[in-house]
Amino acid sequence: MPELPEVETIKNGLANKLHNKIISDAVINRPNLRTFFPDNFTENLKDKKLTAFKRRSKYLLIELDNDYILISHLGMSGKFTIFSDNEDYPKDKHDHVVINFTDGSSLVYNDIRRFGLMDFVQKNELEKHKLFVNLAPEPLTQDFNTDYLYNILKNKKTNIKNAIMDSHIVVGVGNIYACESLFKCKISPTRSCNTIKSSEISKLIDIIKETLKEAIASGGSTLKDYRKEDGTMGYFQHSFKVYGREKEKCTICSSKIERIKQQGRSTFFCPECQK
DNA sequence: AGTGTCGCCTGAATGC
DNA sequence: TGCATTCAGGCGACAC
């Protein structure tokens, strides 16, 4: 389940290996992922050079030398793999997109659950694209600060965990990092937004930034030393304090970690530490 | 307008 | 054993 740090790491890995490569041809093996591929998807990729690799929220942005950007979201299970040989792809039934380069290498997109998507947008139209027009600030920028978040949360009645996962408030904080950040701040995930004090919000922002930065650094170092035959760039095992640890002992107070459902999603927290 | 729920999808895990 | 159900989750669409 790639969250912002994983997407950032994958973006850097793709940039290192694919910068300035030229597409010889592209193949899609089905008409859609979560959404349909745009018309002329493969035709628009043919003969294009990959000129830059960026990220906004959890979207990968691959700039082409024809004024367009290839937008890619990995959803839950999307994976990019680079192959340097000249074998024929796809090889797996979930290899949905194959992009071949003029040097004989290939980039394969595999996505078991097909929650991912791909689209094109003109470079100067990115912020107007329907997927981007309503996106909140990036968590690692100055725009995500105490004043900003306090003013949004002070009139909200929904729970704080739901709020920090809301892409209209801040992007890139998924279920794992929402749970982990709230634990580090000792804030209960069930608290109503309008009860969170300014000092708590300040700490929450610091913790979210710190948690994401640590995960990016961890992913980066993992990627650097990554050696695997198929060149897979995937997901990195981080150590979690509460996520996925239902009924295990809290590392701080030894109470049992609880799991509850919020908006249909599992939330893990320590009922003693988090108030 | 703000808030909560549903559906998309596969495969692993669990239940009877 | 084997079939059916549950669960995981980002995020747009929809309902209230």
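Any value given below was found using the heavy atoms of this structure, including those in side chains, with hydrogens, waters and symmetry copies removed. Residue numbers start from 1 in every chain, and the chains themselves are labelled A, B, ... in the order their sequence lines are given, proteins ahead of strands. Note that this is a predicted model, so its numbers are computed, not measured.
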(request) Determine: side-chain N/O of K93(A) to OP1/OP2 of dC9(B), distance under 4.0 Å, yes or no. (result)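 For K93(A), the contact criterion (side-chain N or O under 4.0 Å from OP1 or OP2 of dC9(B)) is not met.
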(message) Please confirm whether the shortest side-chain N or O distance from T158(A) to OP1 or OP2 of dG4(B) is below 4.0 Å.
(response)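 So the side chain of T158(A) is within the cut-off, an N or O lying under 4.0 Å from OP1 or OP2 of dG4(B).
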(request) Return the 5'-most residue of the pair N155(A), R113(A) with respect to DNA chain B, ranking by each residue's nearest nucleotide. (result)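 Looking at the nearest nucleotide for each, N155(A) comes out on the 5' side.
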d([atom1], [X]; [atom2], [N]) in whole Å:
{"X": "D111(A)", "N": "dC11(C)", "atom1": "CG", "atom2": "C1'", "value": "14 Å"}
{"X": "L4(A)", "N": "dC11(C)", "atom1": "CG", "atom2": "P", "value": "10 Å"}
{"X": "M76(A)", "N": "dC11(C)", "atom1": "CE", "atom2": "C1'", "value": "12 Å"}
{"X": "I160(A)", "N": "dG4(B)", "atom1": "CD1", "atom2": "C1'", "value": "17 Å"}
{"X": "H94(A)", "N": "dA12(B)", "atom1": "NE2", "atom2": "P", "value": "9 Å"}
{"X": "K161(A)", "N": "dG4(B)", "atom1": "NZ", "atom2": "C1'", "value": "14 Å"}
{"X": "I169(A)", "N": "dC11(C)", "atom1": "CD1", "atom2": "P", "value": "14 Å"}
{"X": "I152(A)", "N": "dT3(B)", "atom1": "CD1", "atom2": "P", "value": "12 Å"}

(message) If you go through the side-chain atoms of R265(A), does one of them form a donor-acceptor pair with the base of dA8(C) closer than 3.5 Å?
(response)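 Check fails, no donor-acceptor contact within cut-off.
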(request) Answer yes or no: side-chain N or O of R34(A) and base N or O of dG7(B) forming a donor-acceptor pair under 3.5 Å. (result)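 Side chain to base: no pair present.
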(message) Does K21(A) qualify as a cation-pi partner of F101(A), given the criterion of NZ or CZ under 6.0 Å from the six-membered ring centre and within 45 degrees of its axis?
(response)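 Here K21(A) passes the 6.0 Å and 45° test against F101(A).
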Could you tell me whether [X] contacts a base, only the sugar-phosphate backbone, or nothing, with contacts defined as non-hydrogen atoms closer than 4.0 Å?
{"X": "K156(A)", "value": "sugar-phosphate"}
{"X": "G174(A)", "value": "sugar-phosphate"}
{"X": "S266(A)", "value": "sugar-phosphate"}

(message) Which residue in the set C185(A), C250(A), P189(A) passes side chain to side chain contact (heavy atoms under 4.5 Å, CB included) when paired with Q274(A)?
(response)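 Of C185(A), C250(A), P189(A), side chain to side chain contact (heavy atoms under 4.5 Å, CB included) with Q274(A) is met by P189(A) alone.
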(message) Please say yes or no: joined through hydrophobic side-chain contacts below 4.5 Å, possibly via intermediate residues, are I82(A) and L64(A) part of one cluster?
(response)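 Linked within one cluster.
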(message) Within the supplied structure, the quantity of interest is the number of heavy atoms (other residues, nucleotides, ligands) at a distance under 6.0 Å from Y148(A) OH; does it exceed 12?
(response)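 Counting neighbours around OH of Y148(A), more than 12 heavy atoms of other residues, nucleotides or ligands fall under 6.0 Å, so yes.
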Which nucleotide in the list [options] gets nearest to the side chain of [X]?
{"X": "M165(A)", "options": "dC9(B), dG10(C), dT5(B)", "answer": "dG10(C)"}
{"X": "Y59(A)", "options": "dG10(C), dG12(C), dT3(B)", "answer": "dG12(C)"}
{"X": "N175(A)", "options": "dG11(B), dG4(B), dG10(C)", "answer": "dG10(C)"}
{"X": "F115(A)", "options": "dC8(B), dT10(B), dC11(C)", "answer": "dC8(B)"}
{"X": "K261(A)", "options": "dT5(B), dG11(B), dA8(C)", "answer": "dA8(C)"}
{"X": "R259(A)", "options": "dA8(C), dT3(B), dG10(C)", "answer": "dA8(C)"}
{"X": "R114(A)", "options": "dC7(C), dT10(B), dG4(B)", "answer": "dT10(B)"}

(request) Indicate yes or no: at least one non-hydrogen side-chain atom of E3(A) is less than 4.5 angstrom from one of L212(A). (result)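 Side chain of E3(A) against side chain of L212(A), heavy atoms only: no contact under 4.5 Å found.
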(request) May I ask you to say whether E8(A) pairs ionically with K11(A), meaning some side-chain N is under 4.0 Å from a carboxylate O? (result)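 Salt bridge present between E8(A) and K11(A).
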